[in-house]
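Step one of this worksheet: look at the structure below.
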Amino acid sequence: QVQLVESGGGLVQPGGSLRLSCAVSGRTFSSYAMGWFRQAPGKEREFVAAISWSGGATYYADSVKGRFTISRDNAKNTVYLQMNSLKPEDTAVYYCAQRRGGTNYYTIPSYDYWGQGTQVTVSS
């Protein structure tokens, strides 16, 4: 049974920072790429960032490029999302996901296991 558990969400002021963590169990973590997605109220879930199995390649949505950093620690079976210079439009539930394989990092069907999500609210 594969489990993904996110943590680190919360309320932060505009311009602030948060670091999300996603702990994974049940499948060889280091063999799979990982991704972060988010879903704001009334909107579809969207891609945020992804990282290859080795950590050697990273991918970002244009809206977060230069502000967010994805990383992973294969020894700890954990993937992170460092979020800086947060904006109110970053408010959403953030989900981590484990990719099933293939070459596409950006689409929801490319991922087969998902966490329960963690709320990030950016507001003054």
Salt bridge (Lys or Arg N to Asp or Glu O under 4.0 Å) contacts touching residues 78-101 (sequence neighbours left out):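 Counting only pairs at least two positions apart or across chains, the salt bridge (Lys or Arg N to Asp or Glu O under 4.0 Å) contacts touching residues 78-101 are Arg38-Asp90, Arg67-Asp90.
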
For the hydrophobic clusters of this structure (ILVMFWY residues joined by side-chain heavy atoms under 4.5 Å, transitively), does one cluster hold both [X] and [Y]?
| X | Y | answer |
| --- | --- | --- |
| Tyr80 | Leu18 | no |
| Leu20 | Val5 | no |
| Tyr59 | Met83 | no |
| Val93 | Ile108 | yes |
| Tyr94 | Val64 | yes |

Are [X] and [Y] packed together at the side-chain level, in the sense that at least one heavy-atom pair is separated by less than 4.5 angstrom?
| X | Y | result |
| --- | --- | --- |
| Asp112 | Arg27 | yes |
| Cys22 | Tyr95 | no |
| Trp114 | Arg45 | yes |
| Tyr111 | Tyr105 | yes |

Please round to the nearest 0.5 Å and tell me the distance separating atom [atom1] of [X] and atom [atom2] of [Y].
| X | Y | atom1 | atom2 | answer |
| --- | --- | --- | --- | --- |
| Thr69 | Arg19 | OG1 | CZ | 11.5 Å |
| Thr118 | Leu81 | OG1 | CG | 11.0 Å |
| Ile70 | Tyr60 | CD1 | OH | 6.5 Å |
| Trp53 | Asn74 | CH2 | CG | 8.0 Å |

Name each donor-acceptor pair under 3.5 Å that joins a side chain in residues 6-14 to protein atoms two or more places apart or in another chain, with its distance.
{"residue": "Glu6", "atom": "OE1", "partner": "Gln116", "partner atom": "N", "Å": "3.0"}
{"residue": "Glu6", "atom": "OE1", "partner": "Gln116", "partner atom": "NE2", "Å": "3.4"}
{"residue": "Glu6", "atom": "OE1", "partner": "Gly117", "partner atom": "N", "Å": "2.9"}
{"residue": "Glu6", "atom": "OE2", "partner": "Cys96", "partner atom": "N", "Å": "2.9"}
{"residue": "Glu6", "atom": "OE2", "partner": "Gly117", "partner atom": "N", "Å": "3.3"}

Would you find more than 12 non-hydrogen atoms of other residues, nucleotides or ligands less than 6.0 Å from Lys65 atom NZ?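 Yes, the 6.0 Å shell around NZ holds more than 12 heavy atoms from other groups.
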
Report yes or no: does Thr91 contribute a side-chain atom to a donor-acceptor pair with the main-chain N or O of Val122 at less than 3.5 Å?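 Checking the backbone N and O of Val122 against the side chain of Thr91, a donor-acceptor pair under 3.5 Å is found.
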
Considering all heavy atoms, the nearest Thr107-Ser110 contact: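 What the structure gives for the nearest pair is OG1-OG, 2.9 Å.
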
Taking all non-hydrogen atoms of both residues, which atom of Val79 and which atom of Phe29 are closest, and how far apart?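 Of all heavy-atom pairs spanning Val79 and Phe29, the closest is N-CZ, 4.0 Å.
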
Listed partners of Phe47 passing ring-ring contact (aromatic ring centres under 6.0 Å, His included), at least two apart: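 Here the qualifying residues are Phe37, Tyr106.
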
What do the steps show when you test Leu86 against Phe68 for side-chain contact (heavy atoms from CB on, under 4.5 Å), and what is the final call? CA-CA 9 Å; Leu86 283 161; Phe68 290 11; 3.8 Å; yes

